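A short worksheet on the structure shown next.
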Amino acid sequence: MNRFMTLAVCAAALPLAACSSLGGEGYGLGDYLLVRVHRVSVGDGGMSVVAPRPWNERRRSILFDDVREVEDWTLNGPILDGISFVSGMKSGRYLIRQRKTADQQVPKFRDDMTPPEIAAMLESLYRVRGGAVEFRTLGLQPRPFLGANGFQLDYEHLDSDELWRKGRVVGAVINGRLYMILLDAARAHYYNATLPDFEAIVGSAQIRR
Amino acid sequence: MCARCLELSRRSLLIGGGVSAAALSTGTAQARIRPADMVPLIGPGYRPTEKDEQGLWKEMERAEEEIAGSNLLIQDPKLTGYLRDIIGTVGGPAAKDFRIYLAHIPDFNAMMFPTGFAVIFSGLLLRMRNEAQLAGVIAHESGHFLRRHQIRSWRDMRRKSDIFAIGAMMAGVGGAAGGVYLGDYVQLAQLGTLLSLFQYSREMEAEADAIGAKLIAEAGYAPIEMANIWEQLIGEEEASARYRRKRRRRGSLFDTHPSEGSRMVDLRADAAEVTVPGRSYNAHRDRYLATIGHIRPMLLDDQVKLNDPGASQYLIETLARDGWNGLLRFYEGEIWRLRNRRGDDLRAEQSYAAAVAYPDAPADAFRWHGISLMKAGRATEARAAFARYLAMKPNAPDAAWVRQMLG
């Protein structure tokens, strides 16, 4: 969910133009860790995956991320593409840290949510925190994930930086916890370029028993 | 995070401070500005003659070019033509010169740029109950142009903040710091950046109100609708803030105004003053709904999914003053479902059940009705609702999931 933070922080400071063109300078070596091509555990360790090529893991900061189950990766920088993992989030928790007094809130997860409800929770995440002004659900279908009855959600959204992005989420609620892997990338080029990696990562995912 | 962000934002704060100082210094108590005294300061086909204003126009022409090409604009010719017709009616002497753009942003906002182009946010169309209200906002914004407020406030600010190059100012001003409320959409904000240069004083807002009331009354719109818009805006912001147990946020469409109470009094007095006895005035609600009706589901969707239950509930109840229907009941249910507090499942369930009883219930109402029935263990009824959903929307993006539920 880190890209939401990145965009929000840039947005609060100045128009995007300055952030996106210069953003690269800010994301120095210290902000990312290399993800090598072998099995790694993600989030709080509740799930493990294997990436087909090296990716970059966004280093989690004490300031912004206290959602232990959420981890973000990117290949070309968070403006262009990202894969996020939710490694077994408990009922009653939120995907992102937010103030109780914020006017607009990302809904909380509940373990009795059906896939359309999880999809709606994600849509609000994009609208509230990602600055999406349009959000289109392209498909919602059953799909096995981590050996359970899960779902696949496909969507695209126009963000206030005037870029169309496209995403796919594969997820499942297992023993009352939410497991998801999300791909979200610029619709032009980057989505298609990272989809095979995403599918390989989803295929490799294992739950910690 | 991005290193230059910090540097720029610090600068923008400094300039922002200059702006608010300008606003405060003009905030002396004053008598009501009478609509009759509000003479437009410019005529048709106005072009700037002084050098600084010419420079400003050049920058603004570039800004307009960018905005006109933005993919955030709604291009629906029915809607853009409608807005053009309204500004052509209530735009006073500059009516033929104005350009107007509709941006897809779910916020209550509208703005006029110093060269005479206006940007209306789609969230405004959700909140207006009739054409007279929309015309009121557009006339108010036109009033800023007709009274040359932008150039006046820009000169005033430049004098105070000791910055001479407009380009440098634009690079340095952040929308949020300047006090222009753009919600979480500040990124869009080349707009915010530009607009923070034109912080209107209280007196200017009062002038725009007065001239706006005059313009809409002359066009035959019920002038009291100006006061009603303001009442709705305050009501919504208070509802949202109360809900989160905090004070109302500042900085929206009609910001930097004297106390809300006195503005209401002034707007009502303006309405009485510009009303000609014996003349009939119309709010044109039917025409408004006939024109924007087809995007109302989208506008409601944009608002409700922001999960701001206080504001959304207030808005839906305001619209429902003109009568409940399936669409409004459905979105009422969506508010509770997204809010997701104890007991909200039941509230949502009741709203969906009420929604599907109306002939105009949207397909999605049947889907959510089905889901809530399913969760309540009423499988047979749930299947009937799902079947109805698929019948109404055979190509629904989630059809595969719904078919699985049907078994």
Side-chain angles (χ1 to χ4, degrees), chain A residues 5-20 22-27 31 99-108 110 112 114-117 119-121 123-124 127-131 133-142 151 153-155 158-164, chain B residues 1-6 8-9 12 70-72 103-106 122 171-176 183-193 240-241 243-246 249 298 301-302 305-311 334 337-340 367-368 371 374-375 396-402 404-405:
Chain A
M5 252 343 179
T6 311
L7 292 177
V9 168
C10 286
L14 82 175
L16 185 78
C19 253
S20 57
L22 295 162
E25 293 174 15
Y27 304 114
D31 292 337
R99 282 171 196 263
K100 281 208 164 59
T101 53
D103 289 333
Q104 304 169 353
Q105 305 239 335
V106 180
K108 74 166 152 286
R110 281 201 333 205
D112 66 345
T114 56
E117 289 168 286
M121 176 176 77
E123 177 173 350
S124 284
R127 286 181 182 266
V128 171
R129 295 301 281 269
V133 296
E134 267 189 76
F135 187 97
R136 297 179 191 155
T137 302
L138 302 174
L140 178 63
Q141 54 192 311
F151 64 90
L153 168 70
D154 289 281
Y155 54 93
L158 172 63
D159 296 334
S160 50
D161 60 358
E162 302 186 43
L163 191 61
W164 274 101
Chain B
M1 219 116 296
C2 85
R4 217 180 127 219
C5 294
L6 294 173
L8 286 177
S9 67
S12 70
S70 166
N71 64 1
L72 299 180
H104 191 174
I105 303 171
S122 58
V173 181
D184 291 320
Y185 303 94
V186 198
Q187 289 175 39
L188 180 71
Q190 309 326 350
L191 289 185
T193 308
S240 172
Y243 189 83
R244 305 282 182 213
R245 297 204 179 92
K246 61 180 185 185
R249 72 176 182 225
M298 177 190 91
D301 215 47
D302 290 347
K305 286 179 173 164
L306 292 174
N307 195 22
D308 180 355
E334 292 287 89
R337 182 176 64 74
L338 288 169
R339 185 173 76 163
N340 201 358
R367 178 182 54 170
W368 287 109
I371 291 172
M374 189 179 78
K375 291 175 96 169
D398 58 352
W401 182 83
V402 175
Q404 190 193 39
M405 291 298 104

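Side chains are part of it too, since the values below use all heavy atoms of this structure and drop only hydrogens, waters and symmetry mates. Values in this document were obtained by computation on a predicted structure and should not be read as measured data. Below, read A as the first sequence line, B as the second, and so on, with proteins coming before strands; counting in each chain starts at 1.
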Is the backbone of A:F135 close enough, under 3.5 Å, to the side chain of B:K305 for a donor and an acceptor to pair up by distance?
->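 Not at all, since once roles are kept as given, no pair shorter than 3.5 Å links the two residues.
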
Heavy-atom nearest pair, A:R127 first then B:D301, reads NH2-OD2, 3.9 Å

Measure across A:Q104 and B:L306 and return the closest heavy-atom pair with its distance rounded to 0.1 Å.
->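 Looks like CB-O, 3.2 Å.
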
B:R337: partners by side-chain hydrogen bond (donor to acceptor under 3.5 Å, both in side chains), with sequence neighbours left out = B:E334, B:Y352

Side-chain touch [X]/[Y], heavy atoms, less than 4.5 angstrom:
| X | Y | answer |
| --- | --- | --- |
| B:W368 | A:P116 | yes |
| A:Q105 | B:L338 | no |
| B:D302 | A:V133 | no |
| A:T114 | B:M374 | yes |

Pick whichever of A:K100, A:R99, A:E117 has the most heavy-atom pairs under 4.5 Å with chain B.
->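 The candidate making the most pairs under 4.5 Å is A:E117.
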
Counting only non-hydrogen atoms closer than 4.5 Å, does [X] touch chain B with its backbone (N, CA, C, O), its side chain (CB onward), both, or neither?
| X | answer |
| --- | --- |
| A:D154 | neither |
| A:L138 | backbone |
| A:K108 | both |

To the nearest 0.5 Å, atom CG of B:N307 lies from atom CD of A:E123 at 11.5 Å

Gap between atom CE of A:M121 and atom CG of B:N340 - 0.5 Å precision | 9.5 Å

